[in-house]
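Numbers here simply count residues along the sequence, with the first being 1. These numbers come from a predicted model, not from an experiment.
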Amino acid sequence: MNAMNSEHADVLIVGGGPVGALAALRLARQGRRVLLIEARAREAEVRDARALALSWHSRELLADAGAWPDDMPSTVIDTVHVSQQGSCGRTRLDKSDLGLPHLGAVVDYPALVAGLSGALAQAGVQVLWQARVTSVKSLSQYACAEVETPQGKRLLTARLVVLAEGGALAETLPGIHRRSHDYRQCAVLAEVETERPPMGVAYERFAHDGPFALLPHGERYMLVWTRSQDDAERLVTADDSALRESLQQAFGERQGRVLSVGPRASFPLALRQASQVVSGRVALIGNAAQTMHPVAAQGLNLGLRDAVGLCQALDGAGDPGDARALKRYAAARKLDSHAVVGFTHGLIKLFDGHHPLQNALRGMGMTALDALPALRRKFAGHLVFGVQG
């Protein structure tokens, strides 16, 4: 994966994370000349504490692109158990609801990046490492990007620029603004050991102090707990017993005693969604299009579907920046994106409050979902495959 000698490409992708890398692999398969721009150095160690919950559909998309080798270290999810603290009622989603081998898989971020890097090298996708795009402009026949590298500044052009980074560049484009909501919360991450191993069961628990997920992670769990900013700071710096006791109280004895917790990390939570995903010859996917609360673990899955949706819209188009093809992409992704963002944001609002009547009504809703197989299958299908028109 050597940097391009030419200053022009068919498609320039900004951001070499999972979403940008998947788009690069699929566009290269179409015969496009792709240049992927990544801020980190080629040999830099990927330091990221996240364990990612991927739907089985997302896992298959990555496998199809050659980015999920047979020896990928991961843990499958067969069942998702959803409940709330302090009230009866729960929902269980199972792989049998959809007839899938598994509902999903949990993989560490560095392992996924390594799998994608190997696939990019195998496919011959060109990568410009340790490069930062400072501006993007769209013209009638091409788009251009100013790039800073250790060797100096470069001006790159392409028929299409795809933004798959954090979204700052998107805000500079005509017609695009981002809706933003600061949850004033942080997600606390830690590996947790319980008396009983996960056995393929993931838990989503709406606790009094904030919703949390326990994701199967080998013989342990990866905890992702939404807490207030003050609580998160306290739990990250407190001794292990403080987090262990808080989790035990919120989770109960479903997996026996909480035996240990590992090192903790936290990151702030906010909702950001672009008003549109196309501006001239620039398209937005993944975090450039939307970032969301981690409840229900939909963010990366939605981003991967963005990447695939863009590639499908461009398939057969002689010019990857063709306005009609990009319009197809925007139209195809609108329902899924707005539905998933609205769903995750709505969950936080729905479970914000623990009045006994609220608890009872929510419990009745979860019980009804669990008791109606057709409705449960449809709901599970949306979580795994996205919302289709």
Check your understanding: Does one side chain, of Q85 or D209, offer a donor that lies under 3.5 Å from an acceptor on the other?
Key -> no
Point to revise | Check: Q185/S228 side-chain N/O donor and acceptor closer than 3.5 Å | key: no
Got [X] and [Y] here, is their nearest side-chain heavy-atom distance under 4.5 Å?
X: V147; Y: I37; result: yes
X: Y142; Y: L160; result: no
X: V278; Y: Y329; result: yes
X: Q229; Y: R184; result: yes
X: I285; Y: V277; result: no
X: L62; Y: R59; result: no
X: R227; Y: V236; result: no
X: I13; Y: L163; result: no

Pair [X] + [Y]: basic N to acidic O under 4.0 Å:
X: E7; Y: R154; result: yes
X: D10; Y: R159; result: no
X: R92; Y: D370; result: no

Exercise for review: For the pair H181 and H345, name the ring-plane relationship: parallel under 30°, tilted 30 to 60°, perpendicular over 60°.
Suggested key: perpendicular
Review point. Do the ring planes of Y203 and F251 sit parallel (below 30°), tilted (30 to 60°) or perpendicular (above 60°)?
Key: perpendicular
Cluster check [X], [Y]: I/L/V/M/F/W/Y, side chain < 4.5 angstrom:
X: L223; Y: L259; result: no
X: V19; Y: W129; result: yes
X: V46; Y: L52; result: yes
X: M222; Y: V201; result: no
X: V308; Y: V34; result: yes

Under 3.5 Å, side chain of [X] to main-chain N/O of [Y], donor-acceptor pair present?
X: S266; Y: V188; answer: no
X: S337; Y: R333; answer: no
X: T91; Y: M366; answer: yes
X: S55; Y: V384; answer: yes
X: Q290; Y: G286; answer: yes
X: Q255; Y: P197; answer: yes
X: S58; Y: L54; answer: no
X: R328; Y: A313; answer: yes
X: W225; Y: G210; answer: yes
X: Q248; Y: G252; answer: yes

**Study point:** Atom pair CZ (F385) and CG (N301), whose distance is rounded to the nearest 0.5 Å
**Key:** 11.5 Å
How close do [X] and [Y] get, heavy atom to heavy atom, and via which atoms?
X: V258; Y: R244; result: O-CD, 3.0 Å
X: L300; Y: P18; result: CD1-CB, 4.1 Å
X: T344; Y: M292; result: OG1-SD, 3.8 Å

Point to revise | Lys NZ or Arg CZ of R50 over Y109 ring: under 6.0 Å, within 45° | key: yes
Side-chain donor-acceptor contacts of residues 20-30 below 3.5 Å, not counting sequence neighbours, with atom names and distances?
from, atom 1, to, atom 2, distance (Å)
R29, NH1, D64, OD2, 3.0
R29, NH2, D64, O, 2.6
Q30, OE1, R32, NE, 3.3
Q30, NE2, C311, O, 2.7

**Study point:** For R281, side chain to side chain donor-acceptor pair (under 3.5 Å) partners two or more places apart
**Key:** D319
Study note, to complete from the structure: Residue set satisfying ring pair (Phe, Tyr, Trp, His ring centres under 6.0 Å) with F379, at least two apart, ordered chain then number -> F343
Point to revise | H338: partners by ring pair (Phe, Tyr, Trp, His ring centres under 6.0 Å), with sequence neighbours left out | key: none
How about [X]: does its [atom1] atom have over 12 heavy atoms from other parts shown lying under 6.0 Å from it?
X: Q249; atom1: CD; result: no
X: Q276; atom1: CD; result: yes
X: Q122; atom1: CD; result: no

What donor-acceptor contacts under 3.5 angstrom involve side-chain atoms of residues 66-81, with partners at least two apart or in another chain?
from, atom 1, to, atom 2, distance (Å)
T75, OG1, G218, N, 2.8
D78, OD1, H102, ND1, 2.5
T79, OG1, D94, OD1, 2.8

For residues 168-176, which side-chain donor-acceptor pairs fall under 3.5 Å, sequence neighbours excluded?
from, atom 1, to, atom 2, distance (Å)
E171, OE2, R178, NE, 2.8
E171, OE2, R178, NH2, 3.1
T172, OG1, L169, O, 2.6

Review point. Looking at L12, L156, L35, which hits side chain to side chain contact (heavy atoms under 4.5 Å, CB included) with V161?
Key: L12
